[in-house]
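Down below is the structure, laid out as structure tokens.
When reading the values below, keep in mind they use all heavy atoms of this one structure, side chains included, and skip hydrogens, waters and symmetry mates.
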Amino acid sequence: MSYGRFAYVYDRLMDDVPYHLWLQFLQTQMKKYSNREMKTILDLACGTGEISVPLAEHGYEVVGIDLSDDMLAVANAKAQAANQNITFLQQDMSELQGLGTFDMIVIFCDSLNYLPSSEDVIKTFKHIHTYLKEDGLFFFDVHSVYKMDELFIDQTYAVTDEEVSYIWNCFPGESEHSVEHELSFFVRDEGTSLYERFDETHYQRTYDVYQYKTWLEELGFEILEINGDFDQPVSEQSERIFFSIKKKGR
């Protein structure tokens with residue numbers, strides 16, 4: 001998967017994504033479950049910094065990690081424009097290395113679903129356990145099995161805009177509860193009426209709630225709460241599942 005050129009139109013395409021709801025969820029869960037002051041946050045798969053920058057503006061020391069250099073370039077520009085000192089690093093979240101420890105770690109916006117295998121998910125959880133302080137908090141969300149199997153598969157989405165348009169086709173992936181997203185973008189050349197096309201293929205895979213819970217507990221995490229669609233009880237038609245996790249102290 002490449003996010004090269006995609007990174008530079010990503011924010012325009014994601015204008016309607018309610019990032020503020022992730023931030024509200026995080027603040028609510030922190031107040032509920034933190035027994036000490038939270039200062040340092042690791043934002044994994046931080047993308048263009050839509051979560052990292054607001055967290056820094058709220059006074060947290062933030063490190064953002066993403067696989068895409070292009071995404072990080074956009075995130076860094078945002079941080080500079082907001083006069084925020086954020087460390088951005090290019091790493092694969094399943095191969096984290098050379099980090100300090102953090103009070104809190106987050107993986108938001110279903111980014112965990114981009115890992116290609118269960119082994120990569122487990123490796124990511126292991127690294128998070130290593131880099132999270134004792135009694136530290138870990139929050140993440142994933143697409144539900146229902147959303148992956150019933151709402152994505154064989155669907156086509158399209159958006160037409162004067163500057164950027166796209167066609168998004170979803171096909172069954174090779175693995176259970178997985179999907180391949182084929183995206184075609186049409187980006188207007190500045191100052192002209194001509195559009196340039198480029199294509200991306202993205203892969204996502206999810207697992208049922210019990211499987212995530214089992215992996216986390218086997219690694220020594222405590223499950224604090226599992227929600228559906230931010231702050232609702234989990235149901236058969238929940239589209240997004242949120243996990244609130246704690247690293248057990250000695």
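- One distance of note links CG of Asp103 with CD1 of Ile41; it measures 8.0 Å at 0.5 Å rounding.
- Not one N or O on the side chain of Ser238 forms a donor-acceptor pair closer than 3.5 Å with the backbone of Ile241.
- A search for ring pair (Phe, Tyr, Trp, His ring centres under 6.0 Å) contacts involving Phe25 returns Phe242, not counting sequence neighbours.
- Between Ile245 atom CD1 and Glu222 atom CD the span is 9.0 Å, to the nearest 0.5 Å.
- Remark: His129 engages Phe221 in a ring pair (Phe, Tyr, Trp, His ring centres under 6.0 Å) (not counting sequence neighbours).
- Ring geometry for His202 against Tyr114 counts as perpendicular: the plane angle is over 60°, on a 0 to 90° scale with 30° as the lower cut.
- Nearest heavy-atom pair, Cys46 versus Leu72, reported as atom, atom and distance to 0.1 Å: SG-CD2, 3.6 Å.
- With a 4.5 Å cut-off on side-chain heavy atoms, Met148 and Arg205 do not count as touching.
- Tracing side-chain contacts under 4.5 Å through hydrophobic residues (I, L, V, M, F, W, Y), one never reaches Val63 starting from Phe108; they form parts of separate clusters.
- Between the Lys213 side chain and the Ile223 main chain, no donor and acceptor come within less than 3.5 Å of each other.
- Between the Tyr131 side chain and the Gly100 main chain, no donor and acceptor come within less than 3.5 Å of each other.
- Atom CD of Glu182 sits in a crowded spot, with more than 12 heavy atoms from other residues, nucleotides or ligands closer than 6.0 Å.
- Just one of Tyr157, Phe152, Phe171 meets the ring pair (Phe, Tyr, Trp, His ring centres under 6.0 Å) condition when paired with His181; it is Phe152.
- A donor-acceptor contact closer than 3.5 angstrom is absent between the side chains of His143 and Glu239.
- By the 30° and 60° cut-offs, the orientation of the rings of Phe185 relative to Tyr166 is tilted.
- Residues Ile153 and Val179 have side chains in contact (heavy-atom distance under 4.5 Å, counting atoms from C-beta outward).
- How far CG of Leu42 is from CG of Leu96: 7.0 Å, rounded to the nearest 0.5 Å.
- Side-chain contact, Ser94 with Asp92: a donor N or O sits under 3.5 Å from an acceptor N or O.
- Residue Ala75 comes nearest to Gly49 through the heavy atom pair CB-N, 3.6 Å, listed as atom of the first residue, atom of the second, then distance.
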Can you check ring-ring contact (aromatic ring centres under 6.0 Å, His included) on Trp22 and Phe139, steps first, answer last?
-> CA-CA 10 Å; Trp22 274 275; Phe139 302 101; over 10 Å; no

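- Residues passing the side chain to side chain donor-acceptor pair (under 3.5 Å) test with Lys32 are Glu225, sequence neighbours excluded.
- By the neighbour-count criterion of 12 heavy atoms within 6.0 Å, atom CG of Asn83 is sparsely surrounded, having that number or fewer from other residues, nucleotides or ligands.
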Decide salt bridge (Lys or Arg N to Asp or Glu O under 4.0 Å) for Lys133 and Asp135; before the verdict, give the C-alpha distance in whole Å, the side-chain angles of both, and the deciding distance to 0.1 Å.
-> CA-CA 6 Å; Lys133 294 180 181 178; Asp135 295 322; over 6 Å; no

Can you list the steps and then say if Gln97 with His127 is a side-chain contact (heavy atoms from CB on, under 4.5 Å)?
-> CA-CA 8 Å; Gln97 58 182 327; His127 287 304; over 6 Å; no

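- Judged by distance alone, the side chain of Asp110 and the main-chain N or O of Asn113 form no donor-acceptor pair under 3.5 Å.
- Side chain to side chain, Gln90 and Asp66 fail the donor-acceptor criterion of an N or O pair below 3.5 Å.
- Between the side chain of Ser175 and the backbone N or O of Ser178, no donor-acceptor pair lies under 3.5 Å.
- Of the possible polar contacts, one joining the Thr130 side chain to the Lys126 backbone as a donor-acceptor pair under 3.5 Å is found.
- For the pair Glu134 and Lys248, the salt-bridge criterion is not met [side-chain N within less than 4.0 Å of a carboxylate O].
- Hydrophobic clustering (ILVMFWY, side-chain heavy atoms < 4.5 Å, transitive): Ile122 and Leu216 are in one cluster.
- Interatomic distance, NZ of Lys123 versus CE of Met93, reported as 12.0 Å (0.5 Å rounding).
- The only member of Phe243, Tyr207, Phe140 that meets ring pair (Phe, Tyr, Trp, His ring centres under 6.0 Å) when paired with Trp215 is Tyr207.
- With sequence neighbours excluded, no residue forms a side chain to side chain donor-acceptor pair (under 3.5 Å) with Ser111.
- Thr214 places a side-chain N or O within 3.5 Å of a backbone atom of Tyr210 that can act as its donor or acceptor partner.
- Side-chain atoms of Thr48 and Lys78, non-hydrogen and from C-beta on, do get closer than 4.5 Å to each other.
- Across all their heavy atoms, Ser244 and Tyr33 have their closest contact at CB-CE1, 4.5 Å.
- In this structure, Cys170 and Glu180 have side chains that are not in contact, with every pair of non-hydrogen atoms separated by 4.5 Å or more.
- No side-chain N or O of Ser144 forms a donor-acceptor pair with one of Arg240 less than 3.5 Å apart.
- Side-chain contact between Asn227 and Gln29: present, with at least one pair of heavy atoms (C-beta onward) separated by less than 4.5 Å.
- In the hydrophobic clustering of ILVMFWY residues, with side-chain heavy atoms under 4.5 Å counting as a link, Phe198 and Val159 come out together.
- Scored by the side chain to side chain donor-acceptor pair (under 3.5 Å) test, Lys246 finds no partners at all (sequence neighbours excluded).
- For the 3.5 Å distance criterion, the side chains of Thr206 and Tyr212 qualify, holding a donor opposite an acceptor.
- For the side chain to side chain contact (heavy atoms under 4.5 Å, CB included) criterion with Leu137, the lone passing option out of Leu224, Leu26, Ile105, Val106 is Leu224.
- Under the side chain to side chain donor-acceptor pair (under 3.5 Å) criterion, His177 pairs with Asp149, sequence neighbours left out.
- Hydrophobic clustering (side-chain heavy atoms under 4.5 Å, transitive across Ile, Leu, Val, Met, Phe, Trp, Tyr) groups Ile107 together with Leu219.
- In this structure, OH in Tyr19 is found 15.5 Å from CD in Gln24, a value given to the nearest 0.5 Å.
- Using a 4.5 Å heavy-atom threshold, the side chains of Leu183 and Asp199 count as separate.
- Residues Val53 and Leu89 do not share a hydrophobic cluster, defined by chaining ILVMFWY side chains whose heavy atoms lie under 4.5 Å apart.
- Side chains of Lys247 and Ile128 form no contact here, defined as non-hydrogen atoms less than 4.5 Å apart.
- Between atom OG of residue Ser52 and atom CD of residue Gln84 there is a gap of 11.0 Å, rounded to the nearest 0.5 Å.
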Begin from the C-alpha positions of Glu95 and Thr124 and carry the test side-chain contact (heavy atoms from CB on, under 4.5 Å) through to its verdict.
-> CA-CA 7 Å; Glu95 300 290 347; Thr124 297; over 6 Å; no

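- When all heavy atoms are compared, the tightest approach of Pro54 to Ile51 is CD-O, 3.3 Å.
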